[in-house]
Amino acid sequence: FLIESSPKYTKGYFENFDILFKISDNDPKNSKLKVSIDVSSINTDNSMRDKNLMDEDYFNKLTYPSISFQSKEIIKNDSNYTANGIIDMMGKKSELSFNFEFQGLEINKQNKEVAIFEGDFTIDRVKLGMNHIKSIGDQVNVDFYCELVRK
């Protein structure tokens, strides 16, 4: 993720998350995407800032330990997908739609075949439960890359 902050932008990522992605070419209505992110796994390359982000002013980890997304619909067009669903963050739920792309199949370090997907979206952190802070932008740009193992 990338968010405007004073005096510069803050970049970071989450290290622990679970993704379930089921795509059905024969019956697209059975396709689904479910994501759960452990907020305590945030990494902004600054341990003091990461600890501060767990406090009540930001993620409020004790009350809201995870962020989730549940699709209501997945639309497939060639190697591109659109997910329409609900993001749940800090007890607030909001509609979220985003596009992502299938990048291909590869063999990972554990010698397992993985399907690679990339995409991006923007969320308003204030509408999802965080306080507005003058020195921090409300819009968070999220880029994602994931390697999914077939189960």
Side-chain angles (χ1 to χ4, degrees), residues 1-5 9-44 49-50 52-110 112-133 136-151:
F1 62 86
L2 177 70
I3 185 168
E4 185 178 353
S5 59
Y9 285 85
T10 297
K11 293 180 183 180
Y13 60 95
F14 293 95
E15 295 176 337
N16 297 327
F17 51 88
D18 289 311
I19 300 172
L20 169 68
F21 180 45
K22 178 183 173 188
I23 190 72
S24 174
D25 290 329
N26 297 332
D27 189 4
K29 290 189 187 281
N30 282 335
S31 299
K32 64 182 171 180
L33 175 63
K34 187 175 183 180
V35 179
S36 180
I37 300 169
D38 175 0
V39 298
S40 67
S41 73
I42 197 167
N43 187 334
T44 64
R49 177 175 43 222
D50 294 348
N52 188 40
L53 288 170
M54 295 302 103
D55 291 341
E56 290 179 8
D57 286 340
Y58 298 99
F59 284 104
N60 195 355
K61 177 189 89 161
L62 293 177
T63 305
Y64 307 108
S66 65
I67 299 168
S68 65
F69 174 82
Q70 175 75 49
S71 68
K72 294 194 287 185
E73 173 185 51
I74 302 287
I75 301 166
K76 182 180 179 196
N77 299 309
D78 298 321
S79 64
N80 297 314
Y81 298 84
T82 300
N84 300 308
I86 303 291
I87 185 171
D88 185 345
M89 181 173 133
M90 298 183 64
K92 305 277 185 184
K93 295 182 180 183
S94 182
E95 296 270 338
L96 178 63
S97 293
F98 59 91
N99 297 318
F100 59 102
E101 193 171 323
F102 174 61
Q103 298 295 328
L105 298 171
E106 295 288 333
I107 303 297
N108 69 8
K109 291 178 183 178
Q110 290 78 33
K112 293 185 179 183
E113 185 178 61
V114 294
I116 300 170
F117 296 90
E118 288 186 277
D120 60 77
F121 56 89
T122 300
I123 60 169
D124 185 323
R125 65 180 192 83
V126 174
K127 288 183 179 176
L128 288 168
M130 289 190 178
N131 296 323
H132 173 75
I133 298 172
I136 300 174
D138 294 343
Q139 301 298 309
V140 180
N141 298 318
V142 178
D143 292 311
F144 63 89
Y145 169 91
C146 56
E147 297 179 0
L148 304 180
V149 177
R150 183 184 307 258
K151 293 215 176 184

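- Between the CE atom in M89 and the CZ atom in F59 there is a gap of 5.0 Å [rounded to 0.5 Å].
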- prompt: Does the pair N99 and N80 meet the rule for a side-chain contact (heavy atoms from CB on, under 4.5 Å), with working shown?
  reply: CA-CA 7 Å; N99 297 318; N80 297 314; over 6 Å; no
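- Between I67 and Y64, the closest side-chain pair of non-hydrogen atoms is not below 4.5 Å.
- Rounded to the nearest 0.5 angstrom, I87 CD1 and F98 CZ are separated by 8.5 Å.
- Nearest heavy atoms, A83 versus F100: CB-CE2, 3.9 Å.
- Legend: salt bridge (Lys or Arg N to Asp or Glu O under 4.0 Å) pairs involving residues 119-132, not counting sequence neighbours, sorted by first then second residue: R125-D138.
- Applying ring-ring contact (aromatic ring centres under 6.0 Å, His included) to F1 and the options F144, F14, F121 leaves one that passes, F14.
- Using a 3.5 Å distance cut-off with no hydrogens or angles, the side chains of S66 and D38 do not pair a donor with an acceptor.
- Taken to the nearest 0.5 Å, the CD atom of E113 stands 6.5 Å off from the CZ atom of R150.
- Between M90 and M130 there is a side-chain heavy-atom pair separated by less than 4.5 Å.
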message: I'd like to know whether F21 forms a ring-ring contact (aromatic ring centres under 6.0 Å, His included) with F102, so could you lay out the CA-CA distance, the side-chain angles of the two residues, the decisive distance to 0.1 Å, and finally the verdict.
response: CA-CA 12 Å; F21 180 45; F102 174 61; 9.3 Å; no
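- Atom CG of N30 is surrounded by more than 12 heavy atoms from other residues, nucleotides or ligands within 6.0 Å.
- Interatomic distance, CD of E147 versus CD1 of I116, reported as 5.0 Å (0.5 Å rounding).
- One finds the CZ atom of F17 at 15.0 Å from the OG atom of S68 (value rounded to the nearest 0.5 Å).
- Atom-to-atom distance recorded for S71:OG and K34:NZ is 10.0 Å, nearest 0.5 angstrom.
- Contact check for Y58 versus V39: no side-chain heavy atoms found under the 4.5 Å cut-off.
- Shown are N141, T10, V142, T44; of these, the side chain to side chain contact (heavy atoms under 4.5 Å, CB included) with I3 is made only by T10.
- At least one side-chain heavy atom of L33 sits under 4.5 Å from a side-chain heavy atom of I19.
- With L96 as reference, I123 is the one residue of T122, L128, I123, I86 to meet the side chain to side chain contact (heavy atoms under 4.5 Å, CB included) rule.
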- request: Determine, step by step, whether I42 and M54 satisfy the side-chain contact (heavy atoms from CB on, under 4.5 Å) criterion, reporting the C-alpha distance in whole Å, the side-chain angles of both residues, the deciding distance to 0.1 Å, and the verdict.
  value: CA-CA 9 Å; I42 197 167; M54 295 302 103; 3.5 Å; yes
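- Although no hydrogens or angles enter the test, the distance criterion places no donor-acceptor pair under 3.5 Å between the side chain of D55 and the main chain of D57.
- Counting only heavy atoms from C-beta outward, the side chains of Q70 and D88 never approach each other to under 4.5 Å.
- No donor-acceptor pair closer than 3.5 Å links the side chain of T63 to the backbone N or O of N60.
- Within 6.0 Å of the CD atom in E15, the count of heavy atoms belonging to other residues, nucleotides or ligands exceeds 12.
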